[in-house]
Number of protein chains: 2
Amino acid sequence: MANKNKDLRSHCPVNFGLEAFGDKWSLLILRDIVFRAKCTYGDFLKSEEGFSTNILAARLEKLIEEGILEKRPQETDARKDDYVLTQKGLDLIPVLFEIMVWSSKYDPESEARRIPGLIEAITKDNRQVSREAIEMVKARKPLLGAYLRS
Amino acid sequence: MANKNKDLRSHCPVNFGLEAFGDKWSLLILRDIVFRAKCTYGDFLKSEEGFSTNILAARLEKLIEEGILEKRPQETDARKDDYVLTQKGLDLIPVLFEIMVWSSKYDPESEARRIPGLIEAITKDNRQVSREAIEMVKARKPLLGAYLRS
DNA sequence: GATATTTACTTGCAAAATGCAAGTGAAAGT
DNA sequence: ACTTTCACTTGCATTTTGCAAGTAAATATC
């Protein structure tokens, strides 16, 4: 799974990120995993933004190719697979968080405004909160649940 | 300022960001402004990733609609307009920075590895560096120049 | 054990977005 | 006057998206 010889437009660090997850859907999958502890194709499909089945399948495949996600067969139900974040995927949590801080500021109807504690914590120390979030994700606990109750 | 009545897929803060700048090009314009002190259509066109003329025009228009960019006629040359970041646009710098930190870690050929000082500073305190960056952008100085010389 | 249902997709097709080349028109330079 | 620069627009082929429908394997139900 080493060198995927894809031809990048450039090795600018902004562009590298955009080529890996720069579209309207990929980060929503990350969000579902991190905040809602989702992990199967069917779970993602139920998201409020409304994935098309083919688009979801394509994005999952892309994120696996990028090394951001891993696919693991479920032990209890052979029809299902779990999609889990790799370390590379977990390291995107700080990016997710900064987007949330920005949206919280500029979307008056942002759902983020219901969790001011989390937004404030991220603003103060994104990296510290990210470390905690990574542990939550590894433990398969929904991050949102924790902060909605605070 | 006109068309504010766009129907969002949701008010999830991750989704809000994706709908505003979630594509392969928009953040490259931001990068050019922040790091290379570019500000005209022609400047952006010269970027190494190779904008199509129509795509660039469409993205600039979109970012203006989103309130992230502003268009100002140049005083010295009436053919040109300056595209400048609004506060809403400047507040995206922390997002840009987190993407760079991630890419620096996972792209072995990342140009970010030539500016370890900046990456380390962002990792330690993104918000502090962002505040400094905002001042640089307002003063029309290229951020990259400053860190390449350190 | 046969049948129905759930799950994770794939396929077909219309519509939209993208990418390239070639204009266009106003302003600036010569 | 004319040529060039600049910021786009237009036309068109290719690619990607979005929706509906279908499929095949595994599980649940009768």
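Within every chain, numbering begins at 1; the chains are lettered A, B, ... in the order of the sequence lines, protein sequences first and strands thereafter.
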For this session: Begin with the C-alpha distance, continue with both residues' side-chain angles, and end with the deciding distance and a verdict on side-chain hydrogen bond (donor to acceptor under 3.5 Å, both in side chains) for A:T86 and A:E70.
Result: CA-CA 6 Å; A:T86 61; A:E70 257 180 46; over 6 Å; no
For this session: Return the 5'-most residue of the pair A:A58, B:R59 with respect to DNA chain C, ranking by each residue's nearest nucleotide.
Result: A:A58
For this session: Ignoring backbone atoms, establish whether B:Y83 has a side-chain N or O less than 4.0 Å from OP1 or OP2 of D:dC8.
Result: yes
Problem set entry | Distance-only polar pair, side chains of A:N126 and A:E98, donor-acceptor under 3.5 Å | yes
Exercise. Starting at the 5' end of DNA chain D, which residue's closest nucleotide do you reach first, A:N54 or A:R79?
Worked result: A:N54
Exercise. Whole-Å distance between D:dA26 C1' and A:Q74 CD?
Worked result: 12 Å
For this session: Could you tell me the separation between the OH atom of A:Y41 and the P atom of D:dA26, rounded to a whole number of Å?
Result: 18 Å
Exercise. Within less than 4.0 Å of OP1 or OP2 of C:dC9, is there a side-chain N or O belonging to A:K71?
Worked result: yes
Exercise. Given that A:R9 and A:K80 both sit by DNA chain C, which one's nearest nucleotide is further toward the 5' end?
Worked result: A:K80
Exercise. How close or far is atom P of D:dT17 from atom CH2 of A:W25, stated in whole angstroms?
Worked result: 10 Å
Problem set entry | Spacing of A:D82 atom CG relative to C:dA8 atom P, expressed in whole Å | 9 Å
Problem set entry | Between A:F21 and B:W102, ring centroids under 6.0 Å | yes
Problem set entry | Most 5' of A:E75 and B:K46 on DNA chain D, judged by nearest nucleotide | B:K46
For this session: Would you check if there is a donor-acceptor pair between the side chains of A:S103 and A:D107 at a distance under 3.5 Å?
Result: no
Problem set entry | Interatomic distance where CG belongs to A:D81 and P belongs to D:dT27 [whole Å] | 12 Å
Exercise. Is there a donor on the side chain of A:T40 or the base of C:dT7 sitting less than 3.5 Å from an acceptor on the other?
Worked result: no
Exercise. For B:D23 and C:dG19, what is the distance between atoms CG and P respectively, to the nearest whole Å?
Worked result: 10 Å
Problem set entry | Protein-nucleotide distance (B:L56, atom CG; D:dA7, atom P), rounded to Å | 10 Å
Exercise. So, B:W25 versus B:F44, ring centres under 6.0 angstrom or not?
Worked result: no
Exercise. Out of D:dA7, C:dG19, D:dA21, which nucleotide sits closest to the side chain of B:S52?
Worked result: C:dG19
Problem set entry | Nearest listed nucleotide, side chain of B:I55, among D:dT27, C:dT18, C:dA27 | C:dT18
For this session: Starting from P on C:dT18, measure out to CG on A:L18 and report it in whole angstrom.
Result: 13 Å
